[in-house]
K.L.:
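My questions will all concern the structure given below.
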Amino acid sequence: MNVVEVAPGAFHLPRALSLDRQRALVDRCRALVDGEVPAYVPVVRGGGKMHVRMLCLGRHWNGQRYAYEPTRTDFDGLPAPALPEHFRALARTCAESVGMTLDADLCILNFYDGDGRMGLHQDKDETPASIAAGLPVVSISLGDTARFLFGGLKRRDPVQTLLLESGDAFIFGGAARLRYHGVSRTIPGTAPAELALAGRFNLTFRQYDHKN
Ligand SMILES: O=C(O)CCC(=O)C(=O)O
């Protein structure tokens with residue numbers, strides 16, 4: 001596997017997933033976002049609407065409280081669907097390929113349409129123990145290419161732009177765990193034709209807690 005270390009603790013794995021694997025994952029993501037507990041557009045603290053459709057698996061991230069919970073109390077009260085075992089296994093394998101460990105118990109699945117984007121932010125709502133241990137966030141991209149922004153530990157630090165293409169993994173843990181990141185835009189029409197997907201799915205796997 002091709003591994004590019006973009007910063008200490010941050011790794012880009014271009015084309016980590018085969019096209020067959022991508023297709024199977026896209027089918028599963030489609031079924032999930034339009035399933036019994038569908039994806040929705042979160043309204044965050046302060047009233048802004050996010051520019052993605054989101055579905056959390058394993059644990060729900062509440063965009064009003066910036067905290068995890070079992071049910072979607074900021075939206076419809078439904079329980080977060082379970083995290084499929086093969087999703088968890090994929091996250092573990094990706095983490096291991098860069099020498100990290102991850103026993104993911106939640107995944108935030110986002111769908112970006114042609115106008116989708118996500119502002120610079122830190123992933124810091126997991127437990128202090130999980131973050132202090134540097135347990136990584138494993139991100140998998142499917143479909144249209146994204147212009148992914150990867151900054152430093154402070155919001156104003158310089159930001160590098162990476163293109164995350166379909167099948168790429170991006171992993172940030174250890175010293176990079178709290179780096180700011182976001183998506184400035186996607187590039188419509190760049191998804192592999194075999195996926196028959198207009199838009200982009202992104203899955204970020206995290207481990208809520210860390211037990212010694
Ligand atoms: O879509 C991406 O590549 C990034 C997603 C992200 O930053 C997040 O879910 O916290």
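This chain uses plain numbering: 1 for the first residue, then up along the sequence.
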K.L.:
How many angstroms lie between CZ in Arg185 and OG1 in Thr145, if you round to the nearest 0.5 Å?
P.N.:
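One gets 10.0 Å once the value is rounded to the nearest 0.5 Å.
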K.L.:
Would you say Thr71's side chain and Pro79's backbone share a donor-acceptor pair under 3.5 angstrom?
P.N.:
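Not confirmed, Thr71 side chain does not pair with Pro79 backbone.
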K.L.:
Hydrogens and angles aside, do His51 and Arg117 bring a side-chain donor and acceptor to less than 3.5 Å of each other?
P.N.:
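Arg117 and His51 do have a side-chain donor-acceptor pair below 3.5 Å.
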K.L.:
In the structure I gave you, are the side-chain heavy atoms of Asp168 and His12 within less than 4.5 Å of one another anywhere?
P.N.:
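Yes, their side chains come closer than 4.5 Å.
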K.L.:
Once you round to the nearest 0.5 Å, how far does CD of Gln207 lie from CD of Glu126?
P.N.:
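Rounded to the nearest 0.5 Å, the CD-CD separation comes out at 10.0 Å.
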K.L.:
Would you indicate whether the side-chain heavy atoms of Leu120 and Arg156 approach each other to under 4.5 Å?
P.N.:
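No, every pair of side-chain atoms sits at 4.5 Å or beyond.
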K.L.:
Can you name the residues that form a ring pair (Phe, Tyr, Trp, His ring centres under 6.0 Å) with His121, not counting sequence neighbours?
P.N.:
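With neighbours one apart ignored, the set is His181.
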K.L.:
Gln122 side chain to Leu178 main-chain N or O, any donor-acceptor pair under 3.5 Å?
P.N.:
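Side chain of Gln122 to backbone of Leu178, a donor-acceptor pair under 3.5 Å: yes, one is there.
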K.L.:
Taking only Lys NZ, Arg NE, NH1 and NH2, and the carboxylate oxygens of Asp or Glu, determine whether Asp74 and Arg65 approach each other closer than 4.0 Å.
P.N.:
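No.
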K.L.:
Is there side-chain contact between Phe111 and Asp34, with heavy atoms separated by less than 4.5 Å?
P.N.:
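A side-chain contact is absent here, since even the closest heavy-atom pair is not under 4.5 Å.
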K.L.:
Does any part of the side chain of Phe87, heavy atoms only, come nearer than 4.5 Å to the side chain of Leu32, both counted from C-beta?
P.N.:
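They are in contact (side-chain heavy atoms under 4.5 Å apart), so the answer is yes.
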K.L.:
For the hydrophobic clusters of this structure (ILVMFWY residues joined by side-chain heavy atoms under 4.5 Å, transitively), does one cluster hold both Val137 and Val4?
P.N.:
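Val137 and Val4: one cluster.
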K.L.:
Applying ring pair (Phe, Tyr, Trp, His ring centres under 6.0 Å), can you list everything that pairs with Tyr112, at least two apart in sequence or on another chain?
P.N.:
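In terms of ring pair (Phe, Tyr, Trp, His ring centres under 6.0 Å), with neighbours along the sequence ignored, Tyr112 is linked to no residue.
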K.L.:
Quick one: sort the Phe75 and Tyr40 rings into parallel, tilted or perpendicular, breaks at 30° and 60°.
P.N.:
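Answer is parallel, since the angle falls under 30°.
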K.L.:
Could you tell me which non-hydrogen atom of Val3 sits nearest to which non-hydrogen atom of Ser97, and how far apart they are?
P.N.:
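Scanning both residues, the minimum pair turns out to be CG2-O, 4.5 Å.
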K.L.:
Under a 4.5 Å side-chain heavy-atom rule over Ile, Leu, Val, Met, Phe, Trp and Tyr, are Phe170 and Phe205 clustered together?
P.N.:
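In one cluster with Phe170: Phe205, no.
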K.L.:
Could you tell me which non-hydrogen atom of Pro84 sits nearest to which non-hydrogen atom of Arg28, and how far apart they are?
P.N.:
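What the structure gives for the nearest pair is CG-NH2, 3.9 Å.
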K.L.:
Distance from Thr204 atom OG1 to Asn110 atom CG, nearest 0.5 Å?
P.N.:
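Between atom OG1 of Thr204 and atom CG of Asn110 there are 6.5 Å.
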K.L.:
Quick check: is Leu78 connected to Leu55 through a chain of hydrophobic side chains (ILVMFWY, heavy atoms under 4.5 Å apart)?
P.N.:
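Same cluster.
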K.L.:
If I compare all heavy atoms of Ser166 with all of Pro192, which pair ends up nearest, and what's the gap?
P.N.:
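The answer is CB-CD, 3.5 Å.
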K.L.:
Please check if the side chain of Gln22 supplies one atom and the backbone of Leu17 the other of a donor-acceptor pair under 3.5 Å.
P.N.:
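A pair under 3.5 Å: yes.
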K.L.:
Taking the six-membered ring of Tyr208 as reference, does the NZ or CZ atom of Arg59 fall below 6.0 Å from its centre and within a 45° cone about the axis?
P.N.:
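Flagged: Arg59 positioned over aromatic ring of Tyr208.
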K.L.:
State, to 0.1 Å, how close Val159 and Leu149 come at their nearest heavy-atom pair, and which atoms those are.
P.N.:
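Reported closest heavy-atom pair: CG1-CB, 3.6 Å.
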K.L.:
Per the side-chain contact (heavy atoms from CB on, under 4.5 Å) rule, which among Val33, Leu25, Asp144 passes with Phe201?
P.N.:
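Of the listed residues Val33, Leu25, Asp144, the side-chain contact (heavy atoms from CB on, under 4.5 Å) partner of Phe201 is Val33.
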K.L.:
Has Arg155 got a side-chain atom pairing as donor or acceptor with Tyr180's backbone, closer than 3.5 angstrom?
P.N.:
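No, the answer is negative, given that no donor and acceptor are paired below the 3.5 Å cut-off.
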K.L.:
Look up atom SG in Cys94 and atom CG in Leu13, then write down how far apart they are to the nearest 0.5 Å.
P.N.:
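One gets 6.5 Å once the value is rounded to the nearest 0.5 Å.
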K.L.:
Can you tell me how far apart CD1 (Ile108) and OG (Ser139) are? Round to the nearest 0.5 Å.
P.N.:
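Here the interatomic distance stands at 11.0 Å.
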K.L.:
What pair of heavy atoms forms the shortest contact from Pro42 to Val52, and how long is it?
P.N.:
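Looks like CD-O, 3.9 Å.
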K.L.:
Got Asn202 and Met118 here, is their nearest side-chain heavy-atom distance under 4.5 Å?
P.N.:
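With C-beta onward as the side chain, the pair stays apart.
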K.L.:
Any chance you could lay out the side chain to side chain contact (heavy atoms under 4.5 Å, CB included) test for Leu106 and Trp61, step after step, and finish with the verdict?
P.N.:
CA-CA 9 Å; Leu106 73 109; Trp61 179 76; over 6 Å; no
K.L.:
Is there a path from Leu102 to Leu109 through hydrophobic residues (I, L, V, M, F, W, Y) whose side chains come within less than 4.5 Å of each other?
P.N.:
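Leu102 clusters together with Leu109.
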K.L.:
Would you say Arg179 and Leu153 make side-chain contact, with heavy atoms under 4.5 Å?
P.N.:
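Of all side-chain heavy-atom pairs linking Leu153 with Arg179, at least one is under 4.5 Å.
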K.L.:
Any heavy-atom pair between the side chains of Leu164 and Arg200 that's under 4.5 Å?
P.N.:
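Counting from C-beta outward, Arg200 and Leu164 do come under 4.5 Å.
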K.L.:
Is His60 close to Thr73 at the side-chain level, that is, under 4.5 Å between some pair of heavy atoms?
P.N.:
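Of all side-chain heavy-atom pairs linking His60 with Thr73, none is under 4.5 Å.
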K.L.:
Considering residues, nucleotides and ligands other than Arg92, do more than 12 of their heavy atoms fall under 6.0 Å from its CZ?
P.N.:
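Check passes, neighbour count above 12.
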K.L.:
Under 30°, 30 to 60°, or over 60°: which ring-plane class applies to Phe150 and Phe148, parallel, tilted or perpendicular?
P.N.:
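Judged by the thresholds at 30° and 60°, the geometry between Phe150 and Phe148 is parallel.
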K.L.:
For Met1 and Ala16, which heavy atoms make the closest approach, and how far apart are they?
P.N.:
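So the minimum-distance heavy-atom pair works out to SD-CB, 4.0 Å.
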K.L.:
Between OG1 of Thr186 and CZ of Arg147, what distance do you get to the nearest 0.5 Å?
P.N.:
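So the gap between those two atoms works out to 11.0 Å.
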K.L.:
Looking only at atom types and distance, does a side-chain atom of Arg206 sit under 3.5 Å from a main-chain N or O of Asp125, one as donor and one as acceptor?
P.N.:
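No, Arg206 side chain to Asp125 backbone: no donor-acceptor pair under 3.5 Å.
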K.L.:
Using the rule given for side chain to side chain contact (heavy atoms under 4.5 Å, CB included), can you reason through Arg30 versus Leu197, listing the C-alpha separation, both sets of side-chain angles and the distance that settles it, and then say yes or no?
P.N.:
CA-CA 10 Å; Arg30 276 197 177 104; Leu197 176 64; 3.9 Å; yes
K.L.:
Going through the checks in order, is the side chain to side chain contact (heavy atoms under 4.5 Å, CB included) test met by Phe172 and Val6?
P.N.:
CA-CA 10 Å; Phe172 53 106; Val6 302; over 6 Å; no
K.L.:
Between Leu90 and Leu203, does a side chain to side chain contact (heavy atoms under 4.5 Å, CB included) hold up when you go through it step by step?
P.N.:
CA-CA 11 Å; Leu90 170 64; Leu203 303 101; over 6 Å; no
K.L.:
Check this for me: does any side-chain nitrogen of one of Lys211 and Asp103 sit under 4.0 Å from a carboxylate oxygen of the other?
P.N.:
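Between Asp103 and Lys211 there is no salt bridge, as every charged N stays at least 4.0 Å from the carboxylate O atoms.
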